[in-house]
Amino acid sequence: MQKISNYINGELVPPVSNEYLDNYDPAIGKVYSLIPDSDMRDVKHAVESARMAFEIWSQVPAQRRSDILMKIADLIDRDHEVLAVAESIDNGKPVKLAGKVDIPRASANLRFYATAILHFASEAHHTDQAAINYTLRKPVGVTCCISPWNLPLYLFTWKIAPALAAGNTVVAKPSELTPYTAFLLSKLCVEAGLPPGVLNIVHGAGDKVGQPIVEHPDVPIISFTGGTTTGKRIASIAGPMFKKTSLELGGKNPNIIFSDCDFDQAVSTSIHSSFSNQGEICLCGSRIFVEEDLYEKFVEAFVGQVKALTVGDPLEDGTRVGALVSAAHRDKVLSYIQLAQEEGGTLLTGGEEQLSGRCENGYFIRPAVITGLASNCRTNQEEIFGPVVTIMPFTREDEVIEYANSTAYGLSATLWTENLTRAHRMADRLKSGIIWINCWLLRDLRTPFGGMKQSGVGREGGWEALRFFTEPKNVCIKL
Ligand code: TXE
């Protein structure tokens with residue numbers, strides 16, 4: 001069986017323990033590869049390598065750093081097919097989605113920051129006649145990047161690209177549920193000639209690998225994407241150590257539909273924003289609010305299209321909804337479908353799906369649509385992170401704003417209306433880091449990305465990420 005390696009100091013190495021964890025293919029429910037069960041010893045080695053490499057990498061001209069990142073991006077594109085299939089097998093997502101979204105976005109992340117760093121400038125301030133101030137932006141040091149399982153290579157590269165472009169070195173930990181494409185990427189880094197120690201990838205469990213990286217005194221900066229509970233734990237460790245921290249956490253995003261919307265567009269995009277990637281995207285709109293006079297018509301059209309979605313083998317081209325990432329996550333999502341009914345909701349469609357043939361033991365759920373729930377019940381307040389949405393009617397703008405803002409999260413919100421004034425007014429009042437109007441997940445990598453409240457701390461994307469991954473230093477010269 002294929003054994004994944006750690007990538008430390010430029011070499012593909014086994015874990016010190018020589019122990020491995022099982023890596024499941026969620027579409028068939030079977031172990032198909034082995035993940036290093038790394039521990040503190042591997043982390044120490046990786047941090048030490050990154051610390052040594054920082055002395056050199058932080059001095060390498062930006063153009064040279066850019067060239068190497070561009071080369072890695074080219075290699076990702078060259079291996080597009082292999083990476084898309086690997087991502088699909090590891091995560092359960094349709095291979096078509098991985099090929100269209102995950103893998104192209106991984107190379108785009110690297111290219112975006114490889115070029116952004118060439119244009120990144122700092123400020124200067126002329127203080128009347130008295131002085132001139134300028135800001136130096138220096139790389140911070142050894143960076144901890146911890147990424148989740150829902151968009152594995154996409155989010156892994158979203159973190160390492162700006163960190164490396166800015167001159168930091170990295171110790172990264174991909175999710176133990178989806179380590180495979182990060183392993184393939186480490187081979188591409190060797191091929192691209194990335195100097196040893198600049199990027200280190202340590203595989204294994206969150207508490208045995210992620211936490212020791214966070215706790216390490218030689219790691220002054222942490223970028224984390226994952227669940228809010230883990231984010232809280234990381235913040236509680238990093239806070240007293242005064243580490244720079246960026247946290248991208250969960251969401252419970254509202255999708256608000258006014259009766260003056262472009263109906264067909266609102267229905268078809270809402271299918272996409274509800275169930276893309278099996279609903280396992282922090283930006284999915286899991287609470288749909290529909291203006292009363294459109295409610296019946298919307299529910300009928302929406303449920304009709306949901307029933308037509310093909311749930312199936314992720315490796316087949318026609319599949320729209322693949323497997324959930326793990327048996328544990330499938331069970332968590334099913335328990336919420338159960339809870340929704342206990343809370344008085346009506347399940348219009350969806351639930352556990354048993355496939356036959358190759359995928360008979362896979363972790364599948366048919367997209368679920370629930371109505372009849374109040375906005376403040378647990379189903380409508382807690383992140384489910386699966387193919388489950390609720391639909392609720394509303395009559396007034398103030399009312400829907402209150403529902404939308406009522407959760408502990410504040411990542412994204414979607415609005416459907418042709419009324420421009422209302423769109424701007426709502427965008428201003430919604431407590432979310434990202435507002436999409438008449439669209440969803442239309443991304444521009446230059447924009448600030450992140451959430452309010454328990455959806456996180458800080459912003460990634462564009463200059464925000466380069467500012468985060470550099471330390472500003474003010475220099476004041478008296479004239
Ligand atoms: O994520 P974890 P889990 C949400 C979603 C999901 C829930 C739990 O609701 O059901 O979180 O998912 C590493 N110190 N999101 O438990 O544990 C872990 O190894 C340092 C939303 O799978 O947060 C992995 O690499 N690191 C989210 C990463 O944290 C630790 C995407 C994320 O896993 C650690 C995923 C520790 N003590 C889940 N414990 C999003 N925002 O998109 C774990 N990790």
Side-chain angles (χ1 to χ4, degrees), residues 21 23-24 26 35-40 43 90-93 102 144-156 158-160 171-182 201-216 219 222-238 243 245-253 276-284 286 324-336 363 365 381-388 407-412 433-434 441 449-451 453-458 460:
L21 304 165
N23 188 24
Y24 282 81
I35 316 160
D37 187 8
S38 310
D39 57 35
M40 177 77 98
V43 170
D90 223 16
N91 169 276
K93 69 177 69 207
D102 295 72
C144 163
C145 295
I146 300 180
S147 52
W149 44 260
N150 56 334
L151 300 164
L153 195 63
Y154 175 131
L155 289 176
F156 189 80
W158 181 235
K159 295 187 177 304
I160 65 160
V171 177
K173 196 202 90 67
S175 169
E176 61 275 34
L177 295 177
T178 53
Y180 210 88
T181 46
I201 305 177
V202 188
H203 293 277
D207 55 349
K208 280 176 75 177
V209 177
Q211 195 156 319
I213 308 174
V214 170
E215 288 167 345
H216 201 293
V219 177
I222 299 155
S223 172
F224 170 79
T225 299
T228 294
T229 309
T230 310
K232 273 185 194 159
R233 181 178 305 178
I234 289 175
S236 72
I237 298 165
K243 298 190 179 211
T245 311
S246 167
L247 303 171
E248 297 294 338
L249 310 174
K252 187 73 181 176
N253 311 302
S276 272
N277 207 46
Q278 298 71 244
E280 295 166 332
I281 305 181
C282 52
L283 304 162
C284 279
S286 51
L324 274 81
V325 72
S326 65
H329 190 57
R330 186 248 345 246
D331 293 346
K332 174 190 154 180
V333 175
L334 287 175
S335 77
Y336 272 102
Y363 317 134
I365 294 183
Q381 292 290 316
E382 297 176 14
E383 185 179 46
I384 300 175
F385 215 65
V388 181
T407 73
Y409 297 101
L411 189 52
S412 72
I434 301 156
L441 203 42
F449 180 92
K453 300 191 272 181
Q454 293 192 22
S455 288
V457 177
E460 297 183 339

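Excluded from the calculations below are hydrogen atoms, water molecules and symmetry mates; all remaining heavy atoms, backbone and side chain alike, are included. Computed from a prediction, not measured in an experiment: that's the story for all the values here. Just follow the structure's listing: the first ligand is 1, and inside any ligand the first atom is 1.
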Next on the checklist: Looking at ligand 1, is there an atom of it that comes within less than 4.0 Å of some heavy atom belonging to H329?
Outcome noted: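 Contact check H329 vs ligand 1: positive.
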
Less than 4.0 Å between [atom] and some protein heavy atom, yes or no?
{"atom": "atom 8 (C) of ligand 1", "value": "no"}
{"atom": "atom 33 (O) of ligand 1", "value": "no"}
{"atom": "atom 15 (N) of ligand 1", "value": "yes"}

Checklist entry - Any side-chain heavy atom of K173 within less than 4.5 Å of one from P212? => result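 They are not in side-chain contact.
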
To check your reading of the model: name the closest protein heavy atom to [atom], its residue, and the distance in Å.
{"atom": "atom 4 (C) of ligand 1", "result": "E383 OE1, 3.3 Å"}
{"atom": "atom 36 (C) of ligand 1", "result": "G206 O, 3.6 Å"}
{"atom": "atom 39 (N) of ligand 1", "result": "T230 CG2, 3.4 Å"}
{"atom": "atom 10 (O) of ligand 1", "result": "K332 NZ, 2.6 Å"}
{"atom": "atom 37 (N) of ligand 1", "result": "Q211 OE1, 2.8 Å"}
{"atom": "atom 1 (O) of ligand 1", "result": "G227 N, 3.9 Å"}
{"atom": "atom 41 (N) of ligand 1", "result": "L249 O, 2.8 Å"}
{"atom": "atom 19 (O) of ligand 1", "result": "E176 OE1, 2.6 Å"}

Next on the checklist: One residue to check: I213. Relative to ligand 1, which of side chain, backbone, both or neither has a non-hydrogen atom less than 4.0 Å away?
Outcome noted: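 For I213, no heavy atom sits under 4.0 Å from ligand 1.
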
Item to check | Y363 vs V325, side chain to side chain contact (heavy atoms under 4.5 Å, CB included): CA-CA, chis, key distance, verdict | outcome: CA-CA 7 Å; Y363 317 134; V325 72; over 6 Å; no

Checklist entry - Out of G226, G210, S147, whose heavy atom is nearest to atom 25 (O) of ligand 1? => result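 Checking each option, the heavy atom nearest atom 25 (O) of ligand 1 is found in S147.
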
Item to check | Of the listed options W149, F224, Y409, closest to atom 12 (O) of ligand 1 (non-hydrogen atoms) | outcome: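 It is W149 whose heavy atom sits nearest to atom 12 (O) of ligand 1.
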
Which ligand 1 atoms are under 4.0 Å away from a heavy-atom of [X]?
{"X": "I146", "answer": "13 (C), 20 (C), 25 (O), 26 (N), 28 (C), 29 (O)"}
{"X": "C282", "answer": "40 (C), 41 (N), 42 (O)"}
{"X": "P148", "answer": "31 (C), 35 (C)"}

Next on the checklist: Any nitrogen or oxygen of L155, side chain or backbone, less than 3.5 Å from one on ligand 1?
Outcome noted: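 No - when backbone and side-chain N and O of L155 are compared with those of ligand 1, no distance drops under 3.5 Å.
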
Checklist entry - If you measure from the Lys or Arg side-chain nitrogens to the Asp or Glu carboxylate oxygens, is any gap between K159 and E460 under 4.0 Å? => result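 Judged by the 4.0 Å cut-off on N to carboxylate O distance, K159 and E460 do form a salt bridge.
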
Checklist entry - Distance-only, no hydrogens or angles: does the K453 side chain make a donor-acceptor pair with backbone N or O of T407 under 3.5 Å? => result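 Yes; at least one donor-acceptor contact below 3.5 Å.
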
